[in-house]
Amino acid sequence: MVSAGIVGLLMATAACGSDDGDGGGGEGAVVDASEAGDPVDGGEIVVGLEAETNSWLPGTANFGNPGYNVAYSIYDPLMKRTPEGEPEPYLAESMEPNEDLTVWTLTLRPDVQFHDGTPLNAEAIKTIWDNYLVAPGSNLAANLAEVQSVDVVDDLTVTYTLKAPNAAFPDLLTDPAGWPFSPTAAAAAGADAGSEPVGTGPFKFVSWQRDSQLVVEKNEDYWQPGLPHLDKITFRPIPDEDTRLSSLQSGDIDAMQSLRQSTVSRARDVEGVDNYEFLGNNSGGSNFNTSRPPFDDLRVRKALALALDQDALIEVLGGTGLTPPSTQFFGPEDPFYSEKAAEAWPTNRPDEAQELYDEYINDPQRSDGKAVGEPVTFTYKCPPDPSLNELSQLYQSFWNGLGMQVELEQVEQAAYTSQAVARDYDAGCTRHGAARDPYYVFQRAFTTGVPNVTEFTDPRIDEALATMRGSTDVEERKAAAEQISLVIAEQVPVTFTGGTLTVVAVRDVIKNVDGWVFPDGSEGNGTPDGTAMWGHVWSTE
């Protein structure tokens with residue numbers, strides 16, 4: 001579903017969720033897995049994914065949760081998150097700011113090579129940034145506009161000079177902007193660079209048959225001794241949830257990821273399968289295009305929210321007993337969760353919803369230009385997934401109950417993503433939230449320009465974002481995030497259903513799916529939002 005916040009072009013693509021492929025802190029993890037035992041080298045596995053990805057080159061690719069799984073096999077992130085959600089160096093050796101947070105100095109690890117044998121050095125980082133990430137046509141350029149320049153200090157050191165202070169900047173390099181690829185290989189491949197990815201990661205790209213399979217093989221020259229354990233991985237996009245789960249059950253695939261609550265629940269009952277579940281900040285919900293009538297009127301947006309029975313919506317998604325109702329962009333375990341925002345969120349009050357709706361349609365100055373008493377009409381879009389179809393029908397019933405005329409439209413993921421970014425929609429299903437720094441969560445979702453798909457802005461949000469940019473004080477930043485959450489509860493540019501419990505489900509011979517560690521041996525953040533660091537995984541078969 002299209003997310004209000006976007007990684008690259010979108011933080012989460014239409015059918016794949018969030019955010020962010022790397023959302024959630026370790027406290028949200030739920031693991032039902034057999035003992036890992038000692039590492040075993042060799043073997044190959046097949047991983048079933050929710051969807052295909054359009055490209056594998058940062059700057060052109062729309063990475064969602066399935067794409068992150070593939071990307072983490074080919075690329076290494078400069079920064080990765082701890083169980084507490086803090087970005088720490090992974091491929092990078094260190095990342096340090098100057099006193100006023102306007103210059104960040106990144107030092108690379110020595111003797112790291114891309115898969116084509118060329119060195120990962122400061123010149124490569126600068127070339128990637130200048131020629132690809134912020135070049136015309138890059139879908140990352142808008143998100144990276146805060147960086148004035150990337151400059152080479154020495155062979156392994158670069159500085160990122162920002163246009164203004166930003167305490168959250170390292171978080172940016174956990175995403176595709178921080179996944180170095182060989183600029184030499186990309187230049188040689190030209191327009192085909194997105195089909196022939198060359199990173200520093202634990203596996204080397206072998207082949208890609210779009211909508212069929214992508215194959216990677218062990219990087220024998222990997223910079224982390226002892227990794228990877230597997231010899232080969234085949235990633236297969238299997239959009240249908242039933243087919244993907246049955247393929248795991250039959251042994252046709254060895255692992256799968258899902259963000260569908262009904263699938264997570266059913267996977268628990270499959271014999272011989274280990275489930276690495278994760279409940280972070282990712283939440284289902286809806287976006288409203290506030291640049292279009294009638295969604296430019298708060299009365300309509302609030303009526304839409306007050307008409308919803310969240311428990312019923314969660315039940316349709318198969319999340320009853322699995323996921324709680326959501327009231328904001330952060331889950332209850334996240335340090336930026338706000339009890340005040342939870343209390344302020346407009347929960348199911350149908351009578352109040354009816355009053356607001358009636359007030360709008362009987363207003364001679366109503367924004368949609370219709371005659372007094374004429375019903376509100378709009379189209380609600382969602383990808384053609386069976387559970388989303390049921391969800392859309394339930395939304396329709398709640399809103400039709402107020403007197404609205406809601407038409408449902410199923411739109412394939414790629415088209416839906418493009419329409420959302422272009423704001424060529426009325427309202428549509430979505431996933432909200434990511435366990436990344438709240439500055440980026442809100443900056444991308446509610447400031448002017450792409451990727452703000454709701455086109456909602458508010459000066460109070462701008463003020464709070466300025467506070468978060470310039471402060472490293474945790475309590476001050478929490479207060480600013482709470483201010484934004486309260487504005488969203490008041491102005492309702494989005495709605496929420498419930499938290500999204502995700503899973504990486506594997507045959508029980510596949511081990512250490514959530515056990516990846518940083519190069520210094522410290523604990524990583526597991527399997528956030530159905531993504532895994534496959535270079536740390538092994539098979540006992």
Side-chain angles (χ1 to χ4, degrees), residues 8 53-63 67-68 70-80 89-93 95 105-141 143-144 147 149-160 172-208 210 214-224 227-228 232-233 235 519 534-535:
T53 300
N54 67 317
S55 167
W56 303 105
L57 189 72
T60 63
N62 299 333
F63 289 106
Y68 268 69
V70 177
Y72 285 148
S73 70
I74 299 169
Y75 302 121
D76 290 308
L78 290 169
M79 309 290 288
K80 199 77 168 67
Y90 188 85
L91 179 58
E93 189 169 72
M95 181 75 160
T105 299
L106 181 140
T107 302
L108 296 166
R109 298 179 186 278
D111 304 320
V112 177
Q113 292 186 337
F114 293 106
H115 299 153
D116 62 357
T118 59
L120 171 66
N121 55 25
E123 287 289 350
I125 294 294
K126 179 173 175 57
T127 300
I128 293 165
W129 190 276
D130 292 346
N131 294 358
Y132 295 92
L133 302 184
V134 297
S138 168
N139 59 21
L140 296 177
N143 289 340
L144 306 181
V147 179
S149 67
V150 175
D151 300 297
V152 174
V153 176
D154 58 38
D155 190 53
L156 294 176
T157 309
V158 297
T159 56
Y160 297 85
L172 200 65
L173 300 184
T174 65
D175 280 342
W179 300 348
F181 55 88
S182 168
T184 304
D192 294 327
S195 301
E196 303 172 8
V198 178
T200 65
F203 297 93
K204 293 183 177 182
F205 170 81
V206 175
S207 63
W208 182 30
R210 194 181 296 268
L214 185 146
V215 179
V216 296
E217 291 183 349
K218 182 174 184 173
N219 177 9
E220 298 287 355
D221 300 315
Y222 191 48
W223 58 275
Q224 293 200 67
L227 297 179
K232 178 180 177 181
I233 304 177
F235 294 98
W534 296 101

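W179 places a side-chain N or O within donor-acceptor distance of the main-chain N or O of T174, the cut-off being under 3.5 Å. Listed for the R109 side chain is a donor-acceptor partner under 3.5 Å among the backbone atoms of Y90. For the pair N54 (side chain) and T60 (backbone), a donor-acceptor distance under 3.5 Å is present. Looking only at distances, no side-chain donor or acceptor of S149 sits under 3.5 Å from a matching main-chain atom of D151. Distance alone, capped at 3.5 Å, is enough to place a donor-acceptor pair between the N219 side chain and the D221 backbone.
Contact check for R210 versus S195: side-chain heavy atoms found under the 4.5 Å cut-off. Between P519 and E93 the shortest side-chain heavy-atom distance does not fall below 4.5 Å. Taking the side chain as every heavy atom from C-beta outward, H115 and S182 never approach each other to under 4.5 Å. Considering only heavy atoms from C-beta on, L106 comes within 4.5 Å of L173 through its side chain. Residues W534 and P228 fail the side-chain proximity criterion, which asks for heavy atoms closer than 4.5 Å. Annotation: side chain of K218 is not in contact with side chain of P202 (no heavy-atom distance under 4.5 Å).
Shown here is D154, whose CG atom has more than 12 heavy atoms of other residues, nucleotides or ligands within 6.0 Å. The neighbour count for K232 NZ, taken as heavy atoms of other residues, nucleotides or ligands under 6.0 Å away, does not exceed 12.
Residues A141 and A135 approach most closely at CB-O, 4.3 Å, considering heavy atoms. Here the closest heavy-atom approach between residue L78 and residue Y160 is recorded as CD1-OH, 4.1 Å. Y222 and D76 make their closest contact through OH-OD1, 2.8 Å (heavy atoms, listed as atom of the first residue, atom of the second, distance). Pairing each heavy atom of F63 with each of T53, the nearest pair is CD2-CG2, 4.3 Å. Between P176 and P58, the closest heavy-atom pair is O-CB, 3.5 Å. Residues V158 and A122 come closest through the heavy atom pair CG1-CB, 3.5 Å.
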From CA spacing to verdict: side-chain contact (heavy atoms from CB on, under 4.5 Å), L91, V112: CA-CA 9 Å; L91 179 58; V112 177; 4.1 Å; yes
Audit row: L108, L120, side-chain contact (heavy atoms from CB on, under 4.5 Å) steps and yes/no: CA-CA 8 Å; L108 296 166; L120 171 66; 4.1 Å; yes
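The CG atom of D130 sits 11.5 Å away from atom CD1 of I125, with the distance rounded to the nearest 0.5 Å. Here the straight-line distance linking atom CG of D175 with atom CG of N143 works out to 8.5 Å at 0.5 Å rounding. Expressed to the nearest 0.5 Å, how far OG of S73 lies from CG of L214 amounts to 7.0 Å. Between the CZ atom in F235 and the CD1 atom in I74 there is a gap of 7.5 Å [rounded to 0.5 Å]. Put simply, CG on L144 and CG on N139 are 9.5 Å apart, with the number rounded to the nearest 0.5 Å. One finds the CG atom of L172 at 8.5 Å from the CG atom of L140 (value rounded to the nearest 0.5 Å).
Tested against F181, the residues W129, Y132, F114 include a single ring pair (Phe, Tyr, Trp, His ring centres under 6.0 Å) partner, Y132.
Under the rule for a ring-ring contact (aromatic ring centres under 6.0 Å, His included), the partners of W56 that lie at least two apart in sequence or sit in another chain are W208.
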